[in-house]
Amino acid sequence: MDLIFWWMPLAWIAVIALAVIVASALRRRRRGPDAASTPIAHSSRFTGLPGYRRALVRYRVLLGAMAAAGVVLLLGAIVVSARPAVTSVRQPDLNSRDIVLCLDVSGSMIEYDAELVSVFSDLVDEFDGERISLVVFNASAVTYFPLTSDYDYVRAQFDTLREQFAGDELDFFDGTFFGDGSSLVGDGLAACSLRFDTPDQERSRSIVLATDNLVVGDPIFTLPEAGALAGERDIRVYGLNPGDANSKEYLDELAVEFENVVSDSGGAYFALADPEAVPGIVGRIEAEQAAAIPGAPQLIREDRPEGFVVAIGVAMLALLAFAWRVER
């Protein structure tokens, strides 16, 4: 056990010493001839009585007990004010699931991207121990942040991205124009498939691809070819389509192609407006088998004032009880 505010006992000692010095000085100043005791003749006859002696012994014992309770009360207060804590190292288990969020930031997607980032944030809130990455793409793909289980960092990045989408900043476009055209969805999916590290480990790997599949230009990979590449790497693709009206009779050719690709990978397809999108994706990803693996060690410091608080309470009750007995 250590003290977080280790300097607090020193401060208490300084205050107590100063109080004792001031009290002693005031006592000396007030002490004078009138303060001298007055002798009483034959007082030994009174003080020699057995009843007086017993009362004096009881009085001294009670004063000693009050002093002891006061010391315990004071020491307990000093220790509690210094925040006693226990430090330990824990190594939490992480789920061996990796998820790459793959976001189309082309012109046709700009009006949906802020909402899609909110959906991605909702997805992260449902996970526990999975590693998350975000890749944005247009004509080329850029890793916005790599695979990580630091969810506070992930949420901070999502907040920054939302602000960029809502404002005039175009930082999210940086590095996404190196290609022949715009919204090269196949190339984006293929790039996201290559963002998984540790290929030799047995891990569950998933991609959440958010796009309207509106390709303008000449991609290296078509969407079906990129889907086949993901399948070869045992990666499941889950699709979010903001251009889908969430009604089968309105699905156009692009949406049908998108749905077929993700279904062939073992994933699932959702319209952005579908209320089942987030729980559906989370449920399917969590249903995949994943072994627990040790995460990074974490230093944990926990306050442990309980015993000292109990001691303070007992000492206070004892002090009140002894004071009541002295008055009687």
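Worth knowing before you read on, the calculation uses all heavy atoms, side chains too, and leaves out hydrogens, waters and symmetry mates.
Rounding to the nearest 0.5 Å places CD of Q157 at 11.0 Å from OG of S133. The distance from atom CG of L62 to atom CE of M66, rounded to the nearest 0.5 Å, is 8.5 Å. Y112 contributes atom OH, which lies 15.5 Å from atom OG of S118 (distance to the nearest 0.5 angstrom). Expressed to the nearest 0.5 Å, how far OG1 of T211 lies from CG of L272 amounts to 12.0 Å. The line from CG of D187 to CD1 of I220 is 5.0 Å long, rounded to the nearest 0.5 Å. L161 contributes atom CG, which lies 7.5 Å from atom CG of D113 (distance to the nearest 0.5 angstrom).
In this structure, M316 places its CE atom where only 12 or fewer heavy-atom neighbours from other residues, nucleotides or ligands lie under 6.0 Å away. Atom OH of Y153 has more than 12 heavy atoms from other residues, nucleotides or ligands within 6.0 Å. By the 6.0 Å contact criterion, CZ on F178 is open, its count of non-hydrogen atoms from other residues, nucleotides or ligands being 12 or less. When the shell of 6.0 Å around CG of D234 is examined, it contains 12 or fewer heavy atoms from other residues, nucleotides or ligands.
At least one donor-acceptor pair closer than 3.5 Å links the side chain of S193 to the backbone N or O of L189. Within the 3.5 Å criterion, the main-chain N or O of T160 finds no donor-acceptor partner in the side chain of E163. Put simply, the side chain of S265 never gets that close to the backbone of G231: no donor and acceptor are under 3.5 Å apart. Not one N or O on the side chain of N138 forms a donor-acceptor pair closer than 3.5 Å with the backbone of S140.
Between the side chains of D104 and S106, a donor-acceptor pair is found at a separation under 3.5 Å.
Placement of V124 and F270 within a single hydrophobic cluster is found when ILVMFWY residues are connected by side-chain heavy-atom separations under 4.5 Å, directly or transitively. Linking ILVMFWY residues whenever their side-chain heavy atoms come closer than 4.5 Å, directly or via other members, leaves L229 and V237 in distinct clusters. In the hydrophobic clustering of this structure, L103 does not group with F221; members are Ile, Leu, Val, Met, Phe, Trp, Tyr whose side-chain heavy atoms approach within less than 4.5 Å, directly or through other members. Hydrophobic clustering, with ILVMFWY side chains joined whenever heavy atoms are under 4.5 angstrom apart, groups F120 together with Y151. Both L319 and F308 are assigned to one and the same hydrophobic cluster, defined by single-linkage of ILVMFWY side chains at heavy-atom distances under 4.5 Å.
Note on ring orientation: taking the six-membered ring where Trp is involved, the planes of F258 and Y269 are perpendicular (angle over 60°, cut-offs 30° and 60°).
Residues V117 and F165 are in side-chain contact: their nearest non-hydrogen atoms beyond the backbone lie under 4.5 Å apart. Residues F127 and I99 meet the side-chain proximity criterion, which asks for heavy atoms closer than 4.5 Å.
Between R195 and D98, no side-chain nitrogen of the basic residue sits less than 4.0 Å from a carboxylate oxygen of the acidic one, so the salt-bridge criterion is not met. Remark: D150 does not engage R155 in a salt bridge, criterion side-chain N to carboxylate O under 4.0 Å.
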Passes salt bridge (Lys or Arg N to Asp or Glu O under 4.0 Å), D197 versus R131? Steps please.
CA-CA 11 Å; D197 56 5; R131 296 197 305 166; 2.5 Å; yes

Trace of the side chain to side chain contact (heavy atoms under 4.5 Å, CB included) decision for N213 with N241 | CA-CA 8 Å; N213 196 25; N241 188 352; 5.7 Å; no

